[in-house]
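All values below come from the heavy atoms of this structure, side chains included, with hydrogens, waters and symmetry mates left out.
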Amino acid sequence: MRELKQIQERTHSAMIADIMKDGVITAQEMNDLQRQQMDCYAAEGYDILYDDDLTATVIPRDANGEGETEAVARRCDTNQGFADVYNVYFEALRNPDARDMTKATIQCLIDNGLVDKTYSKADYERDSKNRTGPYTPDPETGGVNDQVYTCGRDPLGNLG
C-alpha cells in the first residue's frame, strides 16, 4: 500500500486511488490500467505491444513521430503509473510472503539440477553478473536455459 500511495501521489490518478480503497490490486484493475495506457498511446498516434511479462514495445503510427516517443512515454507511462503499479502487482503475485528471492532462486536452481547443493549466494551473484555457470548464454540463441530463466522470474512457482 505504501508503494501504491507514493505512485498515486505522484500521478494523481483517480484509478489508482480507487485501487487503494480496498488495498487489493485485482486482475481487472490491472486490465483497466493497461487499457488506459493503450488508449493514451493511441490518442498520441502510437501502438503499444506487450510481451507475456507486459514488457512493452511502442511503435509510432507515423514514421515522423519517432522523436516524440520519450515525451509520449512520459505522459502515458510515468504520469499514469501503469508500469509502476504493474511492478507492485507482479511482485505481490510472485512473492506474496516477501521471501528472500535470492535464496529462493538458488534453491530453484538446486532443485532443478542446474547447480549442486554447495551453490552459494556468492556463486549466484558472480554467475548472474558475469553470465557464467548456469547463466552462460546458449551459443545458438544467446539466451539462458529456460529453467534458469524460470528460476529467476518465478522461483517460488507462484506465476503458474
Side-chain angles (χ1 to χ4, degrees), residues 1-11 13 15-38 40-41 47-59 69-70 73-74 76-160:
M1 282 305 291
R2 183 181 68 250
E3 290 177 62
L4 284 179
K5 186 174 194 280
Q6 290 170 349
I7 296 165
Q8 199 284 324
E9 287 172 351
R10 180 181 51 76
T11 63
S13 167
M15 195 175 287
I16 296 172
D18 284 344
I19 290 170
M20 291 172 46
K21 285 180 183 173
D22 65 1
V24 176
I25 307 171
T26 66
Q28 183 59 51
E29 289 167 331
M30 286 308 305
N31 289 339
D32 292 344
L33 275 172
Q34 184 177 17
R35 170 60 50 203
Q36 180 183 47
Q37 182 186 49
M38 292 171 71
C40 178
Y41 274 106
D47 291 317
I48 184 167
L49 307 172
Y50 298 94
D51 293 338
D52 289 343
D53 63 357
L54 290 186
T55 301
T57 302
V58 177
I59 304 163
T69 303
E70 191 172 317
R74 204 169 15 264
C76 296
D77 291 341
T78 307
N79 294 352
Q80 292 189 9
F82 171 76
D84 292 333
V85 174
Y86 177 75
N87 288 335
V88 172
Y89 178 73
F90 178 80
E91 280 305 309
L93 288 176
R94 181 172 100 112
N95 189 10
D97 301 320
R99 292 182 46 195
D100 180 335
M101 293 304 273
T102 299
K103 285 183 181 178
T105 300
I106 293 167
Q107 190 61 52
C108 180
L109 293 171
I110 293 169
D111 292 347
N112 284 282
L114 298 163
V115 297
D116 66 35
K117 290 188 270 188
T118 64
Y119 197 75
S120 68
K121 181 177 180 179
D123 295 329
Y124 165 78
E125 289 171 350
R126 177 201 63 232
D127 287 345
S128 59
K129 178 181 176 187
N130 297 324
R131 297 191 70 174
T132 54
Y135 293 92
T136 301
D138 180 287
E140 290 183 27
T141 66
V144 295
N145 171 299
D146 287 345
Q147 189 58 54
V148 172
Y149 173 78
T150 298
C151 284
R153 184 173 188 274
D154 188 20
L156 301 172
N158 291 328
L159 299 176

Flag if over 12 foreign heavy atoms under 6.0 Å of [atom1], [X]:
{"X": "Arg99", "atom1": "CZ", "value": "no"}
{"X": "Glu9", "atom1": "CD", "value": "yes"}
{"X": "Asp146", "atom1": "CG", "value": "no"}

>> Working note: Asn145 + Asp138, criterion side-chain contact (heavy atoms from CB on, under 4.5 Å); need CA distance, chi angles, decisive distance, verdict.
In response: CA-CA 7 Å; Asn145 171 299; Asp138 180 287; over 6 Å; no
> Would Val148 and Asn112 count as a side-chain contact (heavy atoms from CB on, under 4.5 Å) if you check the C-alpha gap in whole Å, the side-chain angles of each, and the deciding distance to 0.1 Å?
Replying inline: CA-CA 9 Å; Val148 172; Asn112 284 282; over 6 Å; no
Could you tell me the separation between the [atom1] atom of [X] and the [atom2] atom of [Y], rounded to the nearest 0.5 Å?
{"X": "Gln34", "Y": "Glu29", "atom1": "CD", "atom2": "CD", "value": "14.0 Å"}
{"X": "Asn95", "Y": "Asp154", "atom1": "CG", "atom2": "CG", "value": "10.0 Å"}
{"X": "Gln80", "Y": "Arg74", "atom1": "CD", "atom2": "CZ", "value": "13.5 Å"}
{"X": "Met101", "Y": "Arg94", "atom1": "CE", "atom2": "CZ", "value": "3.5 Å"}
{"X": "Thr26", "Y": "Tyr89", "atom1": "OG1", "atom2": "OH", "value": "7.0 Å"}
{"X": "Gln28", "Y": "Met30", "atom1": "CD", "atom2": "CE", "value": "11.0 Å"}

Could you check whether any side-chain heavy atom of [X] comes within less than 4.5 Å of a side-chain heavy atom of [Y], counting everything from C-beta outward?
{"X": "Leu33", "Y": "Ile19", "value": "yes"}
{"X": "Tyr135", "Y": "Asn130", "value": "no"}
{"X": "Asp18", "Y": "Met15", "value": "no"}
{"X": "Ile16", "Y": "Met20", "value": "yes"}
{"X": "Leu93", "Y": "Leu159", "value": "yes"}
{"X": "Cys40", "Y": "Phe82", "value": "no"}
{"X": "Asp84", "Y": "Thr11", "value": "no"}

Of all heavy-atom pairs between [X] and [Y], which one has the smallest distance, and what is that distance?
{"X": "Tyr41", "Y": "Ala73", "value": "OH-CA, 3.3 Å"}
{"X": "Pro96", "Y": "Asn158", "value": "CD-ND2, 3.4 Å"}
{"X": "Pro134", "Y": "Asp127", "value": "CD-OD2, 3.5 Å"}

>> Let's go through Leu4 and Ile25 carefully: what are the C-alpha distance in whole Å and the side-chain angles of both, what is the deciding distance for side-chain contact (heavy atoms from CB on, under 4.5 Å) to 0.1 Å, and is it a yes or a no?
In response: CA-CA 10 Å; Leu4 284 179; Ile25 307 171; 3.8 Å; yes
> Considering residues at least two apart in sequence or located in another chain, which fulfil the salt bridge (charged side-chain N to carboxylate O under 4.0 Å, His left out) criterion with Arg126?
Replying inline: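 So Arg126 forms a salt bridge (charged side-chain N to carboxylate O under 4.0 Å, His left out) with Asp123.
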> According to the disulfide (SG to SG under 2.5 Å) rule, which pairs have a member within residues 105-144, sequence neighbours left out?
Replying inline: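 Applying disulfide (SG to SG under 2.5 Å) to every pair that reaches into residues 105-144, excluding sequence neighbours, yields Cys108-Cys151.
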> Which is it for Gln8 and Lys5 under the side-chain contact (heavy atoms from CB on, under 4.5 Å) test, yes or no, and what are the steps along the way?
Replying inline: CA-CA 5 Å; Gln8 199 284 324; Lys5 186 174 194 280; 5.7 Å; no
> So, Gln37 versus Tyr86: side-chain donor-acceptor pair below 3.5 Å or not?
Replying inline: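 The answer is no; no qualifying pair exists.
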> Is a side-chain donor or acceptor of Asp22 paired with a backbone partner of Val24 at a separation under 3.5 angstrom?
Replying inline: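 Side chain of Asp22 to backbone of Val24: a pair is present.
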